[in-house]
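The structure under discussion appears below in the form of structure tokens.
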Amino acid sequence: MSITATDVAVLDGAPPPAAPVRRARLRFLRGGKTRTGLILLAFFVLLAVAGPWLAPYDPDAMSDQLLRPPSGDHWFGTTHTGQDVFSQILVGTRGVLVVGLLAAVIATALSVLVGVSAGFLGGAVDEILSALSNIFLVLPGLPLIIIVASFVPDTGDIVIAVAIALTSWAWGARILRAQTLSLRRRDYVEAARATGESTPRIILFEILPNLTAVIASGFVGTVIFAVLTEITLAFIGVADISHWNWGTVLFWAQSNQALAQGAWWWFVPAGLCIALLGTALALINFGIDEFVNPRLRTATGSSRKVRMRVGFTPVVRRSTGDGHHDHSSEHSSEEPRP
């Protein structure tokens with residue numbers, strides 16, 4: 001059994017402690033996982049923006065330094081044709097992030113449009129949009145993307161991003177529909193209806209703000225899926241291998257037996273970059289989960305508690321002017337109290 005510091009203050013006759021003037025801001029950024037993920041992601045975004053200018057060599061330029069290990073001239077070594085692996089990694093970062101972010105933006109927009117509309121409007125609209133979502137849910141994503149990329153003459157980053165987005169929005173739409181169904185009958189939504197607010201305004205200002213965390217989590221998850229899918233397509237040779245990305249580096253390393261030749265520097269840097277980017281996005285996603293789910297959130301700023309022994313009434317000691325405590329309010333119960 002315990003009483004809070006506020007209860008003690010009330011028993012003492014003193015005014016309760018003043019509530020904080022404002023709540024802590026940016027609680028989402030407090031977690032170590034979130035900060036680490038954002039720092040790693042910012043590092044890769046910087047490489048994507050400035051990579052072509054930071055690259056010391058042309059990634060397509062050949063030289064007579066064949067399969068050289070990492071050195072001062074070539075930080076990540078060279079390929080079997082003398083190409084600089086470090087330059088290929090830097091230049092290829094942009095393609096990876098462009099595909100991941102563009103696919104996530106398109107897929108998230110589609111999932112919000114379909115999921116929120118189906119959950120809020122209901123009726124025939126809900127049945128039609130739910131059936132559309134179910135159709136895209138059962139479509140095999142990666143094989144369909146491979147087929148689309150095989151028939152399109154120019155499988156650049158934009159085409160790959162659109163193909164990934166069109167096959168990855170349905171799951172997010174189903175989640176948002178379920179969340180919207182639980183929100184559309186809340187008191188504040190009914191109050192907005194009673195005041196004559198239009199349906200688009202209710203969706204934009206009453207429903208969507210309460211779905212922000214779910215949308216953000218789905219966005220990050222789609223980025224992870226899009227990045228891995230794009231690298232997979234490049235690794236198996238479906239995407240345009242003339243456009244550098246980390247999957248293209250792995251494709252050429254595998255095609256030329258880099259592992260058999262002991263040229264570990266040809267494929268290890270690309271693999272580490274993929275792992276670090278995936279870790280950054282996963283940490284951000286974990287941070288969003290902890291921010292949304294109170295059970296996963298670390299308690300901060302909780303009320304200080306004062307413990308007391310079972311079987312005794314609460315004791316409040318008042319300090320007198322001479323430094324002694326007034327014990328006149330102490331009482332012990334003859335029978336233990338729960």
Side-chain angles (χ1 to χ4, degrees), residues 33 36-52 54-57 59-60 65-101 103-104 141-142 145-146 149 155 157 160-161 164 220-286:
K33 297 177 183 177
T36 304
L38 289 175
I39 291 173
L40 287 175
L41 182 59
F43 171 73
F44 283 111
V45 170
L46 179 62
L47 291 185
V49 173
L54 295 176
Y57 302 96
D60 295 316
Q65 299 183 7
L66 310 181
L67 285 181
R68 296 293 178 86
S71 62
D73 295 331
H74 301 279
W75 289 3
F76 290 172
T78 61
T79 67
H80 70 298
T81 58
Q83 296 170 325
D84 184 62
V85 178
F86 181 64
S87 300
Q88 294 176 353
I89 295 294
L90 289 178
V91 174
T93 305
R94 176 178 297 181
V96 171
L97 288 185
V98 165
V99 170
L101 294 176
L142 186 58
I145 296 173
I146 293 175
T155 54
D157 294 339
I160 296 296
I164 294 173
V220 175
T222 306
V223 173
I224 298 174
F225 172 76
V227 167
L228 295 179
T229 303
E230 195 261 349
I231 292 173
T232 302
L233 293 175
F235 178 72
I236 63 179
V238 174
D240 189 357
I241 58 177
S242 64
H243 294 177
W244 285 107
N245 60 59
W246 300 338
T248 307
V249 175
L250 295 177
F251 168 79
W252 288 113
Q254 187 271 340
S255 300
N256 293 279
Q257 303 294 319
L259 181 61
Q261 299 184 60
W264 56 266
W265 57 86
W266 197 346
F267 55 87
V268 167
L272 288 177
C273 288
I274 296 170
L276 288 175
L277 180 58
T279 301
L281 296 172
L283 289 175
I284 295 174
N285 212 354
F286 293 156

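Just so you know, these numbers use all the heavy atoms, side chains as well, and skip hydrogens, waters and symmetry mates.
- Closest non-hydrogen pair, Gly82 versus Leu66, comes out as N-CD2, 3.6 Å.
- Distance check: Leu47 CG to Leu97 CG gives 8.5 Å after rounding to the nearest 0.5 Å.
- Considering all non-hydrogen atoms of both residues, Ala55 and Val91 come closest at CB-CG2, 4.2 Å.
- Counting only distance, with no hydrogens or angles, the side chain of Trp265 and the backbone of Arg68 share a donor-acceptor pair below 3.5 Å.
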Step-by-step side chain to side chain contact (heavy atoms under 4.5 Å, CB included) determination, Ile145 to Leu233: CA-CA 9 Å; Ile145 296 173; Leu233 293 175; 3.4 Å; yes
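- In this structure, the side chains of Leu277 and Leu40 stay at 4.5 Å or more apart for every pair of heavy atoms.
- Across every non-hydrogen atom of Thr222 and Ala104, the tightest pair is CG2-CA, 3.7 Å.
- Taking both residues in full, the closest heavy atoms of Ala226 and Ala103 are given as CB-CB, 3.7 Å, listed atom of the first, atom of the second, then distance.
- Taking CD1 of Ile274 as the reference point, atom CG of Leu228 lies at 7.5 Å (rounded to 0.5 Å).
- The side-chain contact (heavy atoms from CB on, under 4.5 Å) check on Thr279 picks up Leu283, with sequence neighbours excluded.
- Inter-residue side-chain proximity for Gln83 and Pro59 is flagged as unmet; no heavy-atom pair is nearer than 4.5 Å.
- A donor-acceptor contact shorter than 3.5 Å is absent between the side chain of Thr78 and the backbone of Asp84.
- Side-chain atoms of Trp264 and Pro70, non-hydrogen and from C-beta on, do get closer than 4.5 Å to each other.
- Put simply, the side chain of Gln254 reaches to within 4.5 Å of the side chain of Phe235, judged on heavy atoms.
- Note that CG of Leu41 and CD1 of Ile284 are 4.5 Å apart. Values are rounded to the nearest 0.5 Å.
- Atom CG of residue Leu46 and atom CG of residue Leu54 lie 7.0 Å apart, to the nearest 0.5 angstrom.
- Each ring-ring contact (aromatic ring centres under 6.0 Å, His included) pair with one or both residues in residues 72-91, not counting sequence neighbours, appears once here: Tyr57-His74, Trp75-Phe86, Phe76-Phe86, His80-Trp266.
- Taking both residues in full, the closest heavy atoms of Thr93 and Ala48 are given as CG2-N, 3.9 Å, listed atom of the first, atom of the second, then distance.
- With contacts defined as side-chain heavy-atom distances shorter than 4.5 Å, the pair Phe44/Leu276 qualifies.
- A pairwise comparison of heavy atoms in Gly95 and Asp157 identifies CA-OD2, 3.6 Å as the closest pair.
- Atom CD1 in Ile160 sits 12.5 Å away from atom CD1 in Ile231 (nearest 0.5 Å).
- Here the OG1 atom belonging to Thr81 is positioned 8.0 Å from the CG atom belonging to Asn256, to the nearest 0.5 angstrom.
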Kindly indicate, with the supporting measurements, whether the criterion side chain to side chain contact (heavy atoms under 4.5 Å, CB included) is fulfilled by Val238 and Thr232. CA-CA 9 Å; Val238 174; Thr232 302; over 6 Å; no
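- By the side-chain contact (heavy atoms from CB on, under 4.5 Å) test, Thr248 is found to be paired with Ala234, Ile241, Trp244, Asn245, Trp252, residues two or more places apart in sequence or in another chain being considered.
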